[in-house]
Amino acid sequence: MVSVGSKALALRRDRNCCNLVEDNLMGREDKSYNQGRKKKGMSRKAKNDSFGFDADNSNKSVSGRATDGTAKPKKSSKYQNTFSEPQPSIVRKQVDPETTKYFSEIVNLFESDGVDLEERPVICGNALEEARGKEFELATDYYISHTLQILLEGCNVDHLCDFLRGCAKVFPLISMDRSGSHVAETALKSLAMHLQDDEAYFVIEETLTNICKVIVASPVDMMCNCYGSHVFRSLLCLCGGVPLDSPVFHRAKPSMILAERLNLSTSSAPGNNLSHHHQGFPGLLKFLVSGMLKCSEEDVKYLLVDQYSSLVFQTALKLLAGHDQQLLQIIPVLLDCRKENLTEGNFIEMTAVSDIVELMKEAAYSHLMEVILAVSPESLYDEMFTKIFRKSLFELSSHQCGNFVVQALVSHARDQEQMEFIWEKLGPKFRDLLEMGKSGVIASLIATSQRLHTHEHEVCKALADAVCLPNESPRSVVDRILFLESYFACVEKSNWKWPSGAKIHVMGSLILQAVFKFHNQLIQPYIMSLTSMEVDHVLEVAKDVGGARTIEAFLDSDASGKQKHRLINKLRGHFGELAMHSSSSFTVEKCFSASNLSLREAIASDLLSVQSELPKTKQGPYLLRKLDIDGYANWPDQWRSRQASKQSTYKEFYAAFGSGEAKSSKSDSFLADTSKSTSLAIGVKNVRKEIDHHLASSEKYAKHEKGHGGASDEKATGSVNQKPFLSVDLKKNKRHGQEEQSKASRKKLKV
């Protein structure tokens with residue numbers, strides 16, 4: 001027999017002394033929770049004592065942040081020495097041989113495919129009835145837990161709920177076990193599947209209510225456990241009506257967070273654009289969240305800096321995004337402010353500000369604060385901005401954990417006035433921040449400058465000045481941003497040279513991608529630097545994943561065609577080589593779209609030399625179709641005619657509607673301008689697709705006629721008969737656009 005409870009809790013609490021920090025792109029590569037569990041629990045490794053309780057191995061997990069990607073010990077906190085009383089020990093009996101044999105026979109039966117689909121739910125239900133009274137022992141047994149997962153997936157909703165009600169009192173302990181956590185997760189996922197049947201809603205709600213009451217009675221242990229935290233988050237997602245494995249709510253990837261901050265994502269707040277999976281249980285969600293916060297003040301202080309409980313709080317906040325009244329009650333507690341009768345402008349106690357600033361230097365709490373800033377109602381965000389960050393902005397920007405909070409603060413700035421203050425504090429510090437490796441703060445500032453249409457010129461100039469010596473030409477500005485780490489590690493900056501073979505700095509590439517979204521007049525130094533780069537260097541950049549994205553961003557910018565052609569010319573003769581790489585194959589397509597007829601033919605010629613090899617690559621078949629390399633090889637004259645027809649049609653469209661670039665930087669209403677620019681850009685893209693599709697259809701018809709020997713030259717080119725049709729459409733669209741502009745003008749005059 002194995003004792004469960006206080007010993008496991010002690011193991012959990014001792015893990016704080018051996019936490020490690022490892023920082024990826026956004027400083028959060030969380031390798032907790034079983035090092036990436038696989039479906040149906042198959043990632044679990046067997047132990048010699050497989051029938052014993054699987055002790056919590058979260059001691060060995062890693063989480064946190066570091067600016068250089070190395071492992072660092074987690075900073076101790078004054079809040080990490082206070083705990084609630086541990087739960088009393090529970091004795092877990094070893095599974096008897098007869099029960100073990102019974103469940104082994106069940107597994108053999110399923111593996112032999114001797115069970116009909118109609119019989120499966122009945123067999124699963126009968127087997128679960130055999131588990132009654134022994135749920136805890138079976139769920140925490142390494143081998144039998146796998147069988148239970150199969151049974152819980154295959155049974156009907158009544159047997160599923162019976163099983164969960166039977167183990168409700170020990171559900172937290174099952175969830176904190178390495179094997180049991182998989183059983184708990186499988187049960188919750190099965191409940192979510194059965195919610196598709198409306199008749200099952202009330203029986204599921206009753207079952208979940210029993211479980212939630214047990215968890216709320218003592219939530220600390222489960223929240224702070226490596227496995228328990230994951231199950232807790234799944235339960236919150238189930239109650240919130242979202243998919244249990246949703247990366248947005250469960251554990252947002254660094255790339256998702258970064259995309260949102262740099263205006264590369266369509267969502268502006270957690271859950272805004274994610275449709276709910278089912279109606280959920282809002283009452284239970286509120287009950288769970290309020291229960292988490294009813295812990296003692298000492299426990300809450302501990303929960304705020306624990307990496308696993310922090311994740312639970314983050315999920316809860318994301319699920320409550322948009323529910324301002326609930327958030328105004330919850331967030332002050334997470335800011336360590338517990339006073340009664342909170343009112344607008346008085347949520348945060350000034351005496352707590354210094355403690356909050358110190359908390360933001362903790363890895364777990366800095367993650368939590370980022371979500372708080374993302375979901376906070378405007379009044380609370382404004383108060384946090386004024387009381388907490390005004391005097392600590394650069395201090396936090398310089399800290400290895402705090403700088404991520406500043407990135408979130410900047411990304412969610414509400415208006416130009418806040419951006420003005422941020423610029424006053426951080427604008428003169430660009431070089432200092434880059435030297436300290438805090439380029440993410442600058443990337444967020446650039447993106448927010450674009451979103452709010454303010455300080456755009458100042459941001460571009462400050463960035464160029466930060467990587468150039470006084471009175472130095474900006475010729476190498478792009479080179480140095482691409483290799484930020486290498487440049488700032490060089491003692492003699494004037495002697496820095498291109499580091500051949502080095503990997504391009506990820507954040508440096510993202511910064512340049514953001515820069516190329518600015519208006520052409522603001523980024524001339526960057527355009528000149530990129531287009532004057534040596535041929536070998538351009539090729540090296542194009543082969544790198546981040547470098548390829550930088551080139552694509554430049555080709556998508558509103559730089560002149562002449563400037564784009566100058567860069568594309570440097571890759572002439574290498575497009576076949578680039579097309580063979582999965583990342584740079586997209587760059588080849590972008591180059592083709594931005595090229596004139598002669599450059600398009602040069603690209604097609606390069607790809608023709610690797611035509612037999614390209615189908616073996618991931619993007620090769622698509623690239624061959626998109627650029628019509630087969631057509632170029634067999635009917636070069638017709639291919640040229642079709643390309644000329646496309647370019648002519650594009651020019652006619654752009655003459656009518658413009659390039660789709662944002663022209664509204666001088667306007668006061670950034671929200672309206674952004675919306676208008678986005679819709680116009682989408683419209684341009686859709687029309688381009690329509691033109692390509694129409695011409696491609698004509699091309700197929702022409703080839704078909706040619707194969708039957710009846711096609712005229714005009715039909716074969718697919719251009720003469722189609723262009724008048726497109727011209728009529730463009731004129732019609734132009735009139736429609738003018739009418740819309742006229743309506744918008746009248747609206748403004750009325751305002």
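Along the sequence shown, residues are numbered consecutively beginning with 1.
For the pair Trp496 and Phe483, the minimum side-chain heavy-atom distance is below 4.5 Å. Here the side chains of Asp630 and Leu624 are not in contact, with every heavy-atom distance at 4.5 Å or above. Using a 4.5 Å cut-off on side-chain heavy atoms (C-beta onward), Val535 and Leu539 make no contact. Phe488 is listed as a side-chain neighbour of Lys493, based on a closest heavy-atom distance under 4.5 Å. Side-chain contact check for Ile442 versus Phe430: some heavy-atom pair is nearer than 4.5 Å. Proximity of Thr617 to Ser585: side-chain heavy atoms (C-beta onward) are nowhere separated by under 4.5 Å. Taking 4.5 Å as the limit, every side-chain heavy atom of Thr186 sits out of range of all side-chain heavy atoms of Lys189. Here the side chains of Tyr487 and Leu434 are not in contact, with every heavy-atom distance at 4.5 Å or above.
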**Asked** Step by step, would you call Leu614 with Met580 a side chain to side chain contact (heavy atoms under 4.5 Å, CB included)?
**Response** CA-CA 6 Å; Leu614 270 178; Met580 297 297 293; 3.8 Å; yes

**Request:** Any chance you could lay out the side chain to side chain contact (heavy atoms under 4.5 Å, CB included) test for Ser532 and Arg566, step after step, and finish with the verdict?
**Result:** CA-CA 9 Å; Ser532 62; Arg566 185 179 177 188; 4.3 Å; yes

**Request:** Might you work through the side chain to side chain donor-acceptor pair (under 3.5 Å) test for Glu534 and Trp498, ending with a clear yes or no?
**Result:** CA-CA 10 Å; Glu534 294 180 17; Trp498 181 281; over 6 Å; no

**Request:** Any chance you could lay out the side chain to side chain contact (heavy atoms under 4.5 Å, CB included) test for Lys543 and Leu578, step after step, and finish with the verdict?
**Result:** CA-CA 7 Å; Lys543 289 180 179 179; Leu578 294 174; 3.8 Å; yes

**Request:** Starting from the C-alpha separation in whole Å, work towards a yes-or-no answer on side chain to side chain contact (heavy atoms under 4.5 Å, CB included) for Glu456 and His519.
**Result:** CA-CA 9 Å; Glu456 294 172 297; His519 192 273; over 6 Å; no

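Annotation for Met533 and Val541: closest pair SD-CG2, 4.1 Å, computed over non-hydrogen atoms. Nearest heavy atoms, Ala548 versus Ser584: CB-CA, 4.4 Å. Contact between Leu244 and Ser234 at its shortest, heavy atoms only, is CG-O, 3.7 Å. Across every non-hydrogen atom of Leu597 and Arg640, the tightest pair is CD1-O, 4.0 Å. Contact detail for Ile568 and Ala594: the closest heavy-atom pair is CD1-CB, 4.1 Å. The two atoms that bring Ser529 and Arg475 nearest to each other are OG-O, 2.6 Å, heavy atoms only.
In this structure, Lys564 contributes its side chain and Leu555 its backbone to a donor-acceptor pair below 3.5 Å. Between the side chain of Gln450 and the backbone N or O of Ala514, at least one donor-acceptor pair lies under 3.5 Å. Side chain of Ser605 to backbone of Ala602: no donor-acceptor contact under 3.5 angstrom is found. Panel note: side chain Ser641, backbone Asp637; no donor-acceptor pair is recorded below 3.5 Å. With hydrogens and angles disregarded, a donor-acceptor distance shorter than 3.5 Å links the side chain of Arg480 to the backbone of Val467.
To the nearest 0.5 angstrom, Lys461 atom NZ is 6.5 Å from His457 atom NE2. To the nearest 0.5 angstrom, Cys460 atom SG is 11.0 Å from Gln524 atom CD. Between the CG atom in Leu433 and the OG atom in Ser439 there is a gap of 9.5 Å [rounded to 0.5 Å]. We find the CG-CG distance between Leu627 and Asp606 to be 11.0 Å, quoted to the nearest 0.5 Å. Note that CG of Leu482 is 12.0 Å distant from NZ of Lys503, once rounded to the nearest 0.5 Å. Here the CG atom belonging to Leu623 is positioned 9.5 Å from the CZ atom belonging to Phe586, to the nearest 0.5 angstrom.
Using a 4.0 Å cut-off between charged nitrogen and carboxylate oxygen, Glu613 and Lys616 count as a salt-bridge pair.
For Glu552 and Thr587, the side-chain atoms include at least one donor-acceptor pair closer than 3.5 Å. A donor atom on one side chain and an acceptor atom on the other are found under 3.5 Å apart for His230 and Glu185. If you check the side chains of Thr531 and Gln563, you find no donor sitting under 3.5 Å from an acceptor. There is no side-chain donor-acceptor pair under 3.5 Å between Ser593 and Glu589.
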